[in-house]
Amino acid sequence: MAWNGKLKKIDENRWEIPKDEFPFMRTNAVIYASENMIGQIRSDNAPLQAANVASLPGIVGSSMAMPDIHWGYGFPIGGVAAVNADSGSISPGGIGFDINCGVRLIKTDLTVDDLGGKVGVLVDELYKNVPSGLGSKGLTKIGNRELDDILKNGSKWAVENGYGWERDLEATEEKGRMKDADPSAVSDKARKRGIPQIGSLGSGNHFLELDVVDDVFDKDVAKKFGLKEGTVTVTVHCGSRGCGHQIATEYLQEMERYIKNNNIDLPDRQLACAPLDSKLGDDYYKAMCCGANYAWANRQMITHWVRESFENILEGSAEDMGMDVVYDVAHNIAKKERHDVEGHSENVLVHRKGATRAFAAGRTEIAQMYRDVGQPVIIPGDMKVGTYVLVGKKGAMKETFGSTCHGAGRKMSRNAALSKLKASDVKNEMRKNNIYLRSGSDEGLLEEAPAAYKDVDEVIKVVCAAGLTDKVAKLTPIGVVKG
DNA sequence: ATGTCC
(Lines give C-alpha, C1' and ligand atoms only; values in the text may rest on other atoms or scores of the structure.)
Protein backbone atom coordinates (compact mmCIF):
# COMPACT_ATOMS: atom_id res chain seq x y z
CA MET A 1 0.00 0.00 0.00
CA ALA A 2 1.25 3.44 -0.89
CA TRP A 3 0.58 6.84 0.65
CA ASN A 4 -1.84 8.76 -1.54
CA GLY A 5 -2.63 11.44 1.02
CA LYS A 6 -1.37 14.98 1.16
CA LEU A 7 2.37 15.57 1.15
CA LYS A 8 3.01 19.24 0.65
CA LYS A 9 6.47 20.25 -0.49
CA ILE A 10 7.78 22.96 1.87
CA ASP A 11 11.22 23.23 0.26
CA GLU A 12 13.90 21.01 -1.31
CA ASN A 13 14.32 18.95 1.89
CA ARG A 14 10.99 19.16 3.72
CA TRP A 15 7.51 17.75 3.12
CA GLU A 16 4.44 18.33 5.25
CA ILE A 17 1.28 16.43 6.06
CA PRO A 18 -0.91 19.28 7.30
CA LYS A 19 -2.81 18.92 10.54
CA ASP A 20 -6.16 18.97 8.74
CA GLU A 21 -5.39 15.76 6.81
CA PHE A 22 -6.98 13.62 9.57
CA PRO A 23 -9.21 14.59 12.50
CA PHE A 24 -6.92 12.75 14.96
CA MET A 25 -3.86 14.89 14.15
CA ARG A 26 -3.01 17.26 17.01
CA THR A 27 -0.16 18.78 15.00
CA ASN A 28 1.38 18.53 11.55
CA ALA A 29 3.89 15.93 10.37
CA VAL A 30 7.15 16.86 8.64
CA ILE A 31 9.23 14.44 6.59
CA TYR A 32 12.80 15.36 5.69
CA ALA A 33 13.52 14.10 2.18
CA SER A 34 14.63 15.14 -1.27
CA GLU A 35 12.53 15.04 -4.43
CA ASN A 36 14.54 11.93 -5.44
CA MET A 37 13.51 10.04 -2.31
CA ILE A 38 9.88 10.95 -1.94
CA GLY A 39 8.49 8.40 -4.41
CA GLN A 40 10.11 5.54 -2.53
CA ILE A 41 8.94 7.00 0.79
CA ARG A 42 5.35 7.18 -0.46
CA SER A 43 5.55 3.56 -1.65
CA ASP A 44 5.65 1.89 1.78
CA ASN A 45 2.99 4.13 3.35
CA ALA A 46 5.30 5.19 6.20
CA PRO A 47 3.96 8.78 5.86
CA LEU A 48 0.69 7.45 7.33
CA GLN A 49 2.62 6.43 10.43
CA ALA A 50 4.17 9.92 10.70
CA ALA A 51 0.63 11.33 10.53
CA ASN A 52 -0.59 8.80 13.14
CA VAL A 53 2.16 9.86 15.56
CA ALA A 54 0.72 13.40 15.44
CA SER A 55 -2.15 12.00 17.54
CA LEU A 56 0.12 11.22 20.49
CA PRO A 57 -1.34 12.78 23.67
CA GLY A 58 0.78 15.71 24.79
CA ILE A 59 2.82 16.00 21.58
CA VAL A 60 4.69 19.30 21.21
CA GLY A 61 6.09 20.60 17.93
CA SER A 62 5.68 18.49 14.79
CA SER A 63 5.65 14.74 14.33
CA MET A 64 8.86 14.34 12.35
CA ALA A 65 10.57 11.73 10.24
CA MET A 66 14.10 11.67 8.92
CA PRO A 67 14.98 10.71 5.30
CA ASP A 68 15.75 7.12 6.38
CA ILE A 69 12.02 6.75 7.21
CA HIS A 70 10.42 3.36 6.61
CA TRP A 71 7.54 1.30 7.95
CA GLY A 72 7.85 0.30 11.61
CA TYR A 73 5.76 -0.85 14.58
CA GLY A 74 3.37 2.06 15.28
CA PHE A 75 5.90 4.83 14.72
CA PRO A 76 7.88 4.87 11.48
CA ILE A 77 11.56 4.06 11.82
CA GLY A 78 13.31 7.41 11.45
CA GLY A 79 10.62 9.01 13.61
CA VAL A 80 11.09 11.83 16.12
CA ALA A 81 8.33 13.04 18.44
CA ALA A 82 8.49 15.09 21.63
CA VAL A 83 5.82 15.21 24.34
CA ASN A 84 5.54 17.40 27.41
CA ALA A 85 7.64 15.67 30.09
CA ASP A 86 4.96 16.06 32.78
CA SER A 87 1.61 15.63 31.07
CA GLY A 88 2.52 13.94 27.78
CA SER A 89 2.49 10.22 26.98
CA ILE A 90 5.34 7.81 26.41
CA SER A 91 4.91 5.17 23.69
CA PRO A 92 7.11 2.04 23.42
CA GLY A 93 6.43 2.03 19.68
CA GLY A 94 8.24 5.37 19.54
CA ILE A 95 11.38 3.77 20.92
CA GLY A 96 11.42 0.38 19.24
CA PHE A 97 11.67 -3.22 20.39
CA ASP A 98 15.45 -3.02 20.52
CA ILE A 99 15.76 -0.44 23.30
CA ASN A 100 19.00 1.57 22.87
CA CYS A 101 19.98 -0.06 19.67
CA GLY A 102 22.95 2.16 18.90
CA VAL A 103 26.34 2.65 17.32
CA ARG A 104 29.79 2.96 18.81
CA LEU A 105 32.85 4.13 16.90
CA ILE A 106 36.35 3.11 18.02
CA LYS A 107 39.35 4.78 16.41
CA THR A 108 42.89 3.51 15.97
CA ASP A 109 46.14 5.22 14.99
CA LEU A 110 46.89 2.35 12.59
CA THR A 111 46.88 2.62 8.80
CA VAL A 112 45.85 -0.27 6.54
CA ASP A 113 49.58 -0.80 5.91
CA ASP A 114 50.10 -1.23 9.66
CA LEU A 115 47.64 -4.17 9.50
CA GLY A 116 50.22 -5.86 7.25
CA GLY A 117 47.76 -7.85 5.16
CA LYS A 118 46.05 -9.26 8.25
CA VAL A 119 42.57 -7.82 7.63
CA GLY A 120 41.06 -11.28 7.14
CA VAL A 121 42.81 -12.73 10.19
CA LEU A 122 41.66 -9.77 12.26
CA VAL A 123 38.05 -10.10 11.13
CA ASP A 124 38.18 -13.84 11.88
CA GLU A 125 39.50 -13.02 15.35
CA LEU A 126 36.66 -10.50 15.92
CA TYR A 127 34.16 -13.13 14.75
CA LYS A 128 35.65 -15.60 17.21
CA ASN A 129 35.79 -13.25 20.21
CA VAL A 130 32.46 -11.45 19.89
CA PRO A 131 29.51 -13.88 20.07
CA SER A 132 27.04 -13.15 17.28
CA GLY A 133 23.95 -14.53 15.61
CA LEU A 134 20.34 -15.25 16.50
CA GLY A 135 19.99 -16.34 20.12
CA SER A 136 23.71 -15.89 20.71
CA LYS A 137 24.92 -16.13 24.29
CA GLY A 138 27.64 -14.08 25.93
CA LEU A 139 30.86 -15.60 27.26
CA THR A 140 30.49 -13.90 30.63
CA LYS A 141 28.55 -15.72 33.31
CA ILE A 142 26.48 -13.37 35.43
CA GLY A 143 23.73 -13.87 37.98
CA ASN A 144 20.71 -11.87 39.04
CA ARG A 145 22.78 -9.57 41.30
CA GLU A 146 25.14 -8.59 38.46
CA LEU A 147 22.21 -8.12 36.11
CA ASP A 148 20.66 -5.70 38.61
CA ASP A 149 23.93 -3.77 38.62
CA ILE A 150 24.00 -3.74 34.78
CA LEU A 151 20.39 -2.55 34.54
CA LYS A 152 21.12 0.21 37.04
CA ASN A 153 24.62 1.25 36.00
CA GLY A 154 25.16 0.29 32.35
CA SER A 155 28.66 0.96 31.02
CA LYS A 156 29.88 1.84 34.51
CA TRP A 157 29.34 -1.81 35.55
CA ALA A 158 31.27 -3.00 32.51
CA VAL A 159 34.28 -0.73 33.13
CA GLU A 160 34.34 -1.58 36.86
CA ASN A 161 34.44 -5.25 35.90
CA GLY A 162 37.41 -4.95 33.56
CA TYR A 163 35.65 -4.30 30.24
CA GLY A 164 37.31 -1.21 28.88
CA TRP A 165 38.65 2.07 30.13
CA GLU A 166 37.31 4.71 32.50
CA ARG A 167 37.58 7.33 29.74
CA ASP A 168 35.25 5.28 27.49
CA LEU A 169 32.41 6.50 29.71
CA GLU A 170 32.98 10.15 28.83
CA ALA A 171 32.75 9.19 25.13
CA THR A 172 29.32 7.58 25.57
CA GLU A 173 25.94 9.34 25.43
CA GLU A 174 24.73 9.75 29.06
CA LYS A 175 28.12 8.29 30.04
CA GLY A 176 26.50 4.92 29.33
CA ARG A 177 24.06 5.19 32.22
CA MET A 178 20.46 6.45 32.34
CA LYS A 179 20.12 7.52 35.96
CA ASP A 180 16.34 6.96 36.08
CA ALA A 181 16.79 3.20 35.62
CA ASP A 182 14.86 1.13 38.17
CA PRO A 183 15.35 -2.65 37.89
CA SER A 184 12.18 -3.29 39.93
CA ALA A 185 10.26 -2.24 36.79
CA VAL A 186 11.87 -5.09 34.79
CA SER A 187 10.11 -8.49 34.79
CA ASP A 188 11.69 -11.83 35.70
CA LYS A 189 11.18 -12.96 32.14
CA ALA A 190 13.16 -10.01 30.73
CA ARG A 191 15.90 -10.78 33.26
CA LYS A 192 15.97 -14.44 32.29
CA ARG A 193 16.46 -13.47 28.65
CA GLY A 194 19.07 -10.84 29.54
CA ILE A 195 21.34 -12.92 31.78
CA PRO A 196 22.78 -15.36 29.20
CA GLN A 197 23.00 -12.78 26.40
CA ILE A 198 25.06 -10.03 27.97
CA GLY A 199 28.14 -9.42 25.82
CA SER A 200 26.74 -10.58 22.48
CA LEU A 201 26.13 -8.87 19.16
CA GLY A 202 22.85 -10.55 18.17
CA SER A 203 21.58 -10.76 14.61
CA GLY A 204 19.47 -8.73 12.19
CA ASN A 205 21.18 -5.49 11.21
CA HIS A 206 23.76 -5.77 13.99
CA PHE A 207 27.39 -5.88 12.97
CA LEU A 208 31.04 -5.09 13.55
CA GLU A 209 32.69 -3.13 10.76
CA LEU A 210 36.36 -2.51 10.12
CA ASP A 211 36.77 0.71 8.13
CA VAL A 212 39.34 3.15 6.82
CA VAL A 213 38.83 6.89 7.21
CA ASP A 214 38.47 7.55 3.50
CA ASP A 215 37.31 11.13 3.28
CA VAL A 216 37.61 13.99 5.72
CA PHE A 217 35.14 16.82 5.09
CA ASP A 218 35.91 18.91 8.15
CA LYS A 219 39.54 18.64 9.15
CA ASP A 220 39.27 20.54 12.45
CA VAL A 221 36.25 18.63 13.75
CA ALA A 222 37.67 15.29 12.53
CA LYS A 223 40.84 16.05 14.43
CA LYS A 224 38.78 16.82 17.51
CA PHE A 225 37.09 13.41 17.12
CA GLY A 226 40.50 11.73 16.74
CA LEU A 227 39.89 10.78 13.10
CA LYS A 228 42.70 11.04 10.57
CA GLU A 229 42.55 10.18 6.89
CA GLY A 230 43.93 6.70 6.17
CA THR A 231 43.52 5.32 9.70
CA VAL A 232 41.52 2.23 10.66
CA THR A 233 38.31 2.41 12.72
CA VAL A 234 35.84 -0.11 14.16
CA THR A 235 32.08 0.44 14.18
CA VAL A 236 29.90 -1.57 16.59
CA HIS A 237 26.13 -1.73 16.01
CA CYS A 238 23.98 -3.62 18.52
CA GLY A 239 21.40 -3.19 21.26
CA SER A 240 19.74 -4.70 24.30
CA ARG A 241 19.11 -8.19 22.86
CA GLY A 242 16.23 -10.23 24.26
CA CYS A 243 16.21 -8.18 27.47
CA GLY A 244 15.07 -4.94 25.82
CA HIS A 245 12.79 -6.84 23.48
CA GLN A 246 10.99 -8.47 26.40
CA ILE A 247 10.63 -5.13 28.24
CA ALA A 248 9.10 -3.55 25.10
CA THR A 249 6.76 -6.49 24.46
CA GLU A 250 5.37 -6.59 27.99
CA TYR A 251 4.80 -2.84 28.38
CA LEU A 252 3.19 -2.64 24.94
CA GLN A 253 0.69 -5.28 26.05
CA GLU A 254 -0.04 -3.43 29.27
CA MET A 255 -0.42 -0.12 27.46
CA GLU A 256 -2.83 -1.64 24.95
CA ARG A 257 -5.02 -2.57 27.92
CA TYR A 258 -4.50 0.89 29.40
CA ILE A 259 -5.70 2.81 26.34
CA LYS A 260 -8.72 0.49 26.06
CA ASN A 261 -9.69 0.86 29.72
CA ASN A 262 -9.22 4.63 29.64
CA ASN A 263 -10.93 5.15 26.28
CA ILE A 264 -7.90 6.84 24.76
CA ASP A 265 -8.60 7.24 21.07
CA LEU A 266 -5.65 6.44 18.81
CA PRO A 267 -5.62 5.80 15.04
CA ASP A 268 -3.47 2.67 15.51
CA ARG A 269 -3.33 0.36 18.54
CA GLN A 270 0.41 -0.02 17.94
CA LEU A 271 0.71 3.57 19.21
CA ALA A 272 -0.28 2.30 22.67
CA CYS A 273 1.03 4.75 25.26
CA ALA A 274 0.57 5.96 28.82
CA PRO A 275 0.99 9.39 30.44
CA LEU A 276 4.39 9.99 32.01
CA ASP A 277 2.58 10.99 35.20
CA SER A 278 0.78 7.61 35.40
CA LYS A 279 2.33 4.62 37.19
CA LEU A 280 2.38 2.60 33.97
CA GLY A 281 4.03 5.37 31.94
CA ASP A 282 6.61 6.00 34.64
CA ASP A 283 7.31 2.28 35.11
CA TYR A 284 7.89 1.83 31.40
CA TYR A 285 10.22 4.84 31.35
CA LYS A 286 12.25 3.37 34.24
CA ALA A 287 12.34 -0.06 32.57
CA MET A 288 13.33 1.50 29.24
CA CYS A 289 16.25 3.17 31.05
CA CYS A 290 17.28 -0.31 32.30
CA GLY A 291 17.13 -1.66 28.75
CA ALA A 292 19.26 1.27 27.60
CA ASN A 293 21.82 0.56 30.31
CA TYR A 294 21.94 -3.12 29.33
CA ALA A 295 22.72 -2.10 25.73
CA TRP A 296 25.50 0.26 26.83
CA ALA A 297 27.08 -2.42 29.03
CA ASN A 298 26.82 -4.74 26.03
CA ARG A 299 28.61 -2.37 23.64
CA GLN A 300 31.19 -1.65 26.34
CA MET A 301 31.99 -5.37 26.75
CA ILE A 302 32.24 -5.79 22.98
CA THR A 303 34.65 -2.83 22.90
CA HIS A 304 36.91 -4.73 25.27
CA TRP A 305 36.92 -7.81 23.02
CA VAL A 306 37.55 -5.66 19.94
CA ARG A 307 40.66 -4.29 21.65
CA GLU A 308 41.75 -7.78 22.72
CA SER A 309 41.30 -9.04 19.17
CA PHE A 310 43.59 -6.30 17.84
CA GLU A 311 46.14 -7.12 20.56
CA ASN A 312 46.03 -10.83 19.69
CA ILE A 313 46.71 -10.26 15.99
CA LEU A 314 48.89 -7.15 15.93
CA GLU A 315 51.93 -5.90 17.83
CA GLY A 316 51.36 -3.67 20.82
CA SER A 317 48.65 -2.78 23.29
CA ALA A 318 45.23 -1.30 22.47
CA GLU A 319 46.39 1.83 24.26
CA ASP A 320 49.48 2.08 22.03
CA MET A 321 47.30 1.53 18.97
CA GLY A 322 45.19 4.54 20.05
CA MET A 323 41.99 2.54 20.34
CA ASP A 324 39.85 5.17 22.03
CA VAL A 325 36.08 5.30 21.79
CA VAL A 326 35.19 8.28 19.59
CA TYR A 327 31.56 8.21 20.64
CA ASP A 328 28.60 5.93 21.34
CA VAL A 329 25.12 7.02 20.25
CA ALA A 330 21.68 5.59 21.04
CA HIS A 331 19.22 5.61 18.13
CA ASN A 332 16.25 3.82 19.76
CA ILE A 333 15.47 5.69 22.95
CA ALA A 334 13.37 8.40 24.63
CA LYS A 335 15.15 11.11 26.60
CA LYS A 336 14.02 13.84 28.98
CA GLU A 337 15.53 17.06 27.65
CA ARG A 338 14.92 20.80 27.70
CA HIS A 339 14.10 22.43 24.36
CA ASP A 340 12.73 25.68 22.97
CA VAL A 341 9.16 25.16 21.88
CA GLU A 342 7.36 28.03 20.12
CA GLY A 343 9.37 30.72 21.89
CA HIS A 344 9.51 29.22 25.38
CA SER A 345 11.72 26.64 27.08
CA GLU A 346 10.01 23.35 27.98
CA ASN A 347 10.84 19.99 29.56
CA VAL A 348 10.03 17.37 26.98
CA LEU A 349 10.48 13.67 26.42
CA VAL A 350 11.95 13.15 22.94
CA HIS A 351 11.16 9.79 21.30
CA ARG A 352 13.90 8.89 18.83
CA LYS A 353 13.06 5.69 16.97
CA GLY A 354 15.74 5.11 14.38
CA ALA A 355 16.90 8.67 14.95
CA THR A 356 20.06 10.01 16.56
CA ARG A 357 20.57 12.83 19.01
CA ALA A 358 22.55 15.54 17.20
CA PHE A 359 23.12 18.30 19.74
CA ALA A 360 24.87 21.44 18.51
CA ALA A 361 27.91 22.94 20.23
CA GLY A 362 27.31 24.27 23.71
CA ARG A 363 24.79 21.79 25.13
CA THR A 364 26.01 20.51 28.50
CA GLU A 365 24.89 16.96 27.65
CA ILE A 366 27.75 16.76 25.14
CA ALA A 367 31.03 15.32 26.41
CA GLN A 368 33.34 18.12 27.59
CA MET A 369 35.96 17.34 24.93
CA TYR A 370 33.47 17.85 22.08
CA ARG A 371 31.26 20.55 23.60
CA ASP A 372 32.73 23.39 21.56
CA VAL A 373 32.22 21.64 18.21
CA GLY A 374 29.01 19.66 18.72
CA GLN A 375 28.04 16.05 19.30
CA PRO A 376 29.54 13.33 17.11
CA VAL A 377 26.84 11.47 15.16
CA ILE A 378 27.58 8.02 13.75
CA ILE A 379 25.55 6.92 10.72
CA PRO A 380 26.05 3.42 9.31
CA GLY A 381 24.95 3.11 5.68
CA ASP A 382 25.04 -0.46 4.43
CA MET A 383 27.76 -3.12 4.65
CA LYS A 384 29.25 -2.05 1.31
CA VAL A 385 29.23 1.76 1.51
CA GLY A 386 30.17 2.02 5.18
CA THR A 387 29.64 4.72 7.76
CA TYR A 388 29.44 8.51 8.01
CA VAL A 389 30.53 10.64 10.94
CA LEU A 390 28.54 13.85 11.28
CA VAL A 391 28.34 16.60 13.87
CA GLY A 392 25.20 18.15 15.38
CA LYS A 393 24.26 21.68 14.22
CA LYS A 394 21.99 24.52 15.31
CA GLY A 395 19.27 23.61 12.81
CA ALA A 396 18.65 20.40 14.76
CA MET A 397 18.17 22.39 17.98
CA LYS A 398 15.74 24.72 16.20
CA GLU A 399 13.67 22.16 14.32
CA THR A 400 14.07 18.53 15.40
CA PHE A 401 14.64 18.61 19.17
CA GLY A 402 18.32 18.05 18.43
CA SER A 403 17.85 14.98 16.21
CA THR A 404 18.95 13.60 12.87
CA CYS A 405 18.81 10.33 10.89
CA HIS A 406 20.25 6.98 12.11
CA GLY A 407 21.27 5.15 8.94
CA ALA A 408 20.38 4.61 5.30
CA GLY A 409 16.97 3.13 6.09
CA ARG A 410 15.51 0.04 4.46
CA LYS A 411 13.92 0.29 1.04
CA MET A 412 13.12 -3.45 0.87
CA SER A 413 11.34 -5.43 3.57
CA ARG A 414 13.22 -8.39 5.01
CA ASN A 415 10.94 -10.76 3.11
CA ALA A 416 11.38 -8.86 -0.17
CA ALA A 417 15.16 -9.02 0.23
CA LEU A 418 14.99 -12.78 0.91
CA SER A 419 12.94 -13.50 -2.19
CA LYS A 420 14.58 -11.06 -4.64
CA LEU A 421 18.29 -11.34 -3.81
CA LYS A 422 20.88 -14.12 -3.86
CA ALA A 423 23.43 -14.72 -1.10
CA SER A 424 26.17 -15.58 -3.62
CA ASP A 425 25.61 -12.22 -5.33
CA VAL A 426 25.99 -10.35 -2.04
CA LYS A 427 29.19 -12.27 -1.22
CA ASN A 428 30.61 -11.53 -4.68
CA GLU A 429 29.68 -7.89 -4.39
CA MET A 430 31.55 -7.66 -1.09
CA ARG A 431 34.58 -9.52 -2.48
CA LYS A 432 34.66 -7.23 -5.53
CA ASN A 433 34.84 -4.26 -3.17
CA ASN A 434 37.70 -5.87 -1.21
CA ILE A 435 35.60 -6.19 1.94
CA TYR A 436 36.32 -9.32 3.97
CA LEU A 437 32.99 -10.70 5.18
CA ARG A 438 32.15 -13.14 7.98
CA SER A 439 28.49 -14.00 8.28
CA GLY A 440 26.77 -16.68 10.33
CA SER A 441 23.81 -17.24 8.02
CA ASP A 442 22.93 -16.60 4.37
CA GLU A 443 19.40 -15.61 5.37
CA GLY A 444 20.64 -12.88 7.71
CA LEU A 445 23.10 -11.70 5.06
CA LEU A 446 20.34 -11.37 2.44
CA GLU A 447 18.08 -9.38 4.77
CA GLU A 448 20.91 -6.89 5.22
CA ALA A 449 22.14 -6.86 1.62
CA PRO A 450 23.20 -3.42 0.35
CA ALA A 451 20.39 -3.57 -2.23
CA ALA A 452 17.85 -3.70 0.65
CA TYR A 453 18.91 -0.24 1.80
CA LYS A 454 18.44 3.29 0.51
CA ASP A 455 21.35 5.37 -0.77
CA VAL A 456 22.97 6.69 2.42
CA ASP A 457 24.63 9.53 0.46
CA GLU A 458 21.18 10.88 -0.41
CA VAL A 459 20.03 10.56 3.23
CA ILE A 460 23.12 12.42 4.47
CA LYS A 461 22.71 15.08 1.78
CA VAL A 462 19.22 15.86 3.07
CA VAL A 463 20.03 16.08 6.80
CA CYS A 464 23.04 18.29 6.03
CA ALA A 465 21.23 20.53 3.52
CA ALA A 466 18.42 20.91 6.07
CA GLY A 467 20.98 22.23 8.57
CA LEU A 468 20.56 19.42 11.13
CA THR A 469 24.15 18.13 10.87
CA ASP A 470 27.41 18.64 8.97
CA LYS A 471 29.59 15.96 7.40
CA VAL A 472 32.85 15.24 9.21
CA ALA A 473 34.25 12.02 7.72
CA LYS A 474 33.38 8.99 5.62
CA LEU A 475 34.52 5.52 6.73
CA THR A 476 34.86 2.86 4.03
CA PRO A 477 34.66 -0.85 4.97
CA ILE A 478 37.51 -3.34 4.63
CA GLY A 479 35.96 -6.02 6.84
CA VAL A 480 32.52 -6.89 8.23
CA VAL A 481 31.26 -9.29 10.89
CA LYS A 482 27.56 -9.64 10.18
CA GLY A 483 25.55 -10.58 13.29
C1' DA B 1 14.88 -6.02 16.38
C1' DT B 2 13.39 -10.87 18.48
C1' DG B 3 14.03 -18.05 21.77
C1' DT B 4 10.64 -14.39 13.76
C1' DC B 5 3.90 -18.08 17.98
C1' DC B 6 3.97 -20.09 25.12
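Letters go in sequence order (proteins before strands), and every chain restarts at 1.
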Show every donor-acceptor pair shorter than 3.5 Å between a side-chain atom in residues 74-85 of chain A and any protein atom, with sequence neighbours excluded, or say none if there are none.
{"unit_1": "A/N84", "atom_1": "OD1", "unit_2": "A/D86", "atom_2": "N", "d": "2.8"}
{"unit_1": "A/N84", "atom_1": "OD1", "unit_2": "A/S87", "atom_2": "N", "d": "3.0"}
{"unit_1": "A/N84", "atom_1": "OD1", "unit_2": "A/S87", "atom_2": "OG", "d": "3.3"}
{"unit_1": "A/N84", "atom_1": "ND2", "unit_2": "A/E346", "atom_2": "OE2", "d": "2.9"}

Regarding A/E443, tell me which of base, sugar-phosphate or nothing describes its non-hydrogen contacts under 4.0 Å with the strands shown.
nothing

Counting the atoms with a prime plus P, OP1 and OP2 as sugar-phosphate, which does A/K189 contact under 4.0 Å by heavy atoms, base, sugar-phosphate, or nothing?
base

On the nucleotide B/dT4, are OP1 or OP2 found under 4.0 Å from the side-chain N or O atoms that A/R414 carries?
no

Check the distance between B/dC6's C1' and A/Q246's CD and give it to me in whole angstrom.
11 Å

Between CG of A/L134 and P of B/dC5 the distance, given in whole Å, is 11 Å

Mind calculating the distance between CG (A/D98) and P (B/dT4) to the nearest angstrom?
15 Å

Reckon A/I99 touches a base, only the sugar-phosphate, or nothing at all at heavy-atom distances under 4.0 Å?
nothing

So A/G204, base contact, sugar-phosphate only, or nothing? Heavy-atom distance under 4.0 Å.
sugar-phosphate

Between A/T249 and B/dT2, is there a contact of a side-chain N or O with OP1 or OP2 at under 4.0 Å?
no

To the nearest Å, how far apart are A/E250 CD and B/dC6 C1'?
13 Å

Determine, for A/E250 against A/K189, whether the closest basic-nitrogen to carboxylate-oxygen distance falls under 4.0 angstrom.
no

Could you give all pairs that pass the side-chain hydrogen bond (donor to acceptor under 3.5 Å, both in side chains) test and reach residues 55-80 of chain A, with sequence neighbours left out?
A/N28-A/S62, A/D68-A/H406

Checking all strands, does A/E447 fall into the base, sugar-phosphate, or nothing category for heavy-atom contacts under 4.0 angstrom?
nothing

Please determine whether a side-chain nitrogen of the Lys or Arg among A/E448 and A/R414 lies less than 4.0 Å from a carboxylate oxygen of the Asp or Glu.
yes

